[in-house]
Amino acid sequence: AQSVTQPDIHITVSEGASLELRCNYSYGATPYLFWYVQSPGQGLQLLLKYFSGDTLVQGIKGFEAEFKRSQSSFNLRKPSVHWSDAAEYFCAVGPTGTASKLTFGTGTRLQVTL
Amino acid sequence: GAVVSQHPSWVICKSGTSVKIECRSLDFQATTMFWYRQFPKQSLMLMATSNEGSKATYEQGVEKDKFLINHASLTLSTLTVTSAHPEDSSFYICSARNRVGTEAFFGQGTRLTVV
């Protein structure tokens, strides 16, 4: 069965500092990986996705993620965090090549201090 | 990007009544839509998958008679919570997959409170 682990429930960073959110997955085949962001009381917005090709994926809002097959990881990074980045971040995995029946991690809540 | 609209954004209902939540894809045809449930400070749990013109497929442990899903057109899916009880209070989110199927677009969610 597929699963996603986000080890950090809550992270606090200072504005302007770098950020890395961890995501580890378990999947029997080639995974289709996603990072979503959710603001309080809102739906999910796709930050980036990986299916194949270059293992470093660029997304919106200055985010990037690196797929490391050997570590079963898909960590999200941002060089310089802005206060508006404070939100809940979810990593998700789905069947190869299709965004169906996604399995989500438990999420990481990002707090940004000024 | 594609837009998925969910309505209402929030609803309060009395215990024992039914509530209908709509999920619309505004600028693309969604042959498949997904319904998720999110408890406070927890992740999203897939409830069911609905394909246009056919019966929904429910995940294990989800009561199909309680959570009625209809996907009558390529742009609309509805979730009806029947005989709602306080334990059904939750955040319900739909997503719609495009024809190519490589991306799912999420609605803004519906906060249901049963009193």
Side-chain angles (χ1 to χ4, degrees), chain A residues 1-11 21-26 30-53 57 59-61 87-111, chain B residues 1-11 21-26 28 30-51 56-60 62 90-113:
Chain A
Q2 59 199 50
S3 66
V4 178
T5 302
Q6 293 180 247
D8 304 305
I9 297 174
H10 188 195
I11 284 182
L21 302 182
R22 296 183 291 167
C23 172
N24 292 96
Y25 67 90
S26 174
T30 301
Y32 197 20
L33 295 158
F34 304 81
W35 272 102
Y36 288 90
V37 60
Q38 183 183 36
S39 297
Q42 300 296 312
L44 277 71
Q45 181 181 22
L46 178 68
L47 288 176
L48 46 80
K49 62 182 185 286
Y50 172 79
F51 169 47
S52 65
V57 181
I60 63 171
K61 304 184 178 184
E88 187 90 20
Y89 291 80
F90 292 96
C91 181
V93 64
T96 302
T98 176
S100 63
K101 299 191 70 171
L102 298 181
T103 297
F104 286 83
T106 50
T108 297
R109 178 163 297 278
L110 173 64
Q111 184 176 356
Chain B
V3 179
V4 174
S5 177
Q6 204 170 323
H7 179 81
S9 297
W10 59 271
V11 58
I21 302 170
E22 293 185 347
C23 180
R24 294 181 183 272
S25 56
L26 298 185
F28 68 101
T31 54
T32 305
M33 289 187 175
F34 307 90
W35 288 94
Y36 294 84
R37 182 174 181 176
Q38 184 180 29
F39 291 99
K41 300 186 186 302
Q42 295 188 29
S43 188
L44 287 78
M45 301 297 295
L46 180 66
M47 298 174 65
T49 302
S50 76
N51 292 294
T57 302
Y58 291 81
E59 295 299 304
Q60 191 173 9
V62 178
S90 191
F91 195 58
Y92 294 88
I93 305 178
C94 71
S95 74
R97 194 180 68 185
N98 58 12
R99 272 195 188 277
V100 177
T102 56
E103 189 168 337
F105 303 94
F106 284 80
Q108 71 271 39
T110 296
R111 168 77 56 199
L112 170 63
T113 302

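We use all heavy atoms of the structure for the numbers below, so side chains are in, but hydrogens, waters and symmetry mates are not. In what follows, every chain begins at residue 1, and chains take the letters A, B, ... in the order their sequences are listed.
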Side chain / backbone / both / neither for Leu46(B) at chain A, heavy atoms under 4.5 Å: side chain
Test item: Phe34(B) and Lys101(A) side chains (from C-beta on) under 4.5 Å apart, heavy atoms: yes
Nearest heavy-atom neighbours spanning Ser43(B) and Phe104(A): OG-CB, 3.1 Å
Part of Gln6(B) within contact of chain A (heavy atom distance under 4.5 Å): neither
Heavy-atom pair with the smallest gap, counting every atom of Tyr36(B) and Leu102(A): OH-N, 3.4 Å
Check: Thr106(A) and Gln42(B) side chains under 4.5 Å, non-hydrogen atoms: no
Sequence neighbours excluded - salt bridge (Lys or Arg N to Asp or Glu O under 4.0 Å) pairs with any residue from residues 34-49 of chain A: Lys49(A)-Glu103(B)
Heavy-atom proximity to chain B below 4.5 Å, by part of Gln6(A): neither
Criterion side chain to side chain contact (heavy atoms under 4.5 Å, CB included) on Phe105(B) and Gln45(A), from CA distance to verdict: CA-CA 8 Å; Phe105(B) 303 94; Gln45(A) 181 181 22; over 6 Å; no
Non-hydrogen side-chain atoms of Ile93(B) and Leu44(A) separated by less than 4.5 Å: yes
Separation between CG of Leu46(A) and OG of Ser95(B), rounded to the nearest 0.5 Å: 11.5 Å
Set of residues satisfying side-chain contact (heavy atoms from CB on, under 4.5 Å) with respect to Gln111(A), sequence neighbours excluded: His10(A), Thr12(A)
Contact origin within Thr49(B) toward chain A - heavy atom pairs under 4.5 Å: side chain
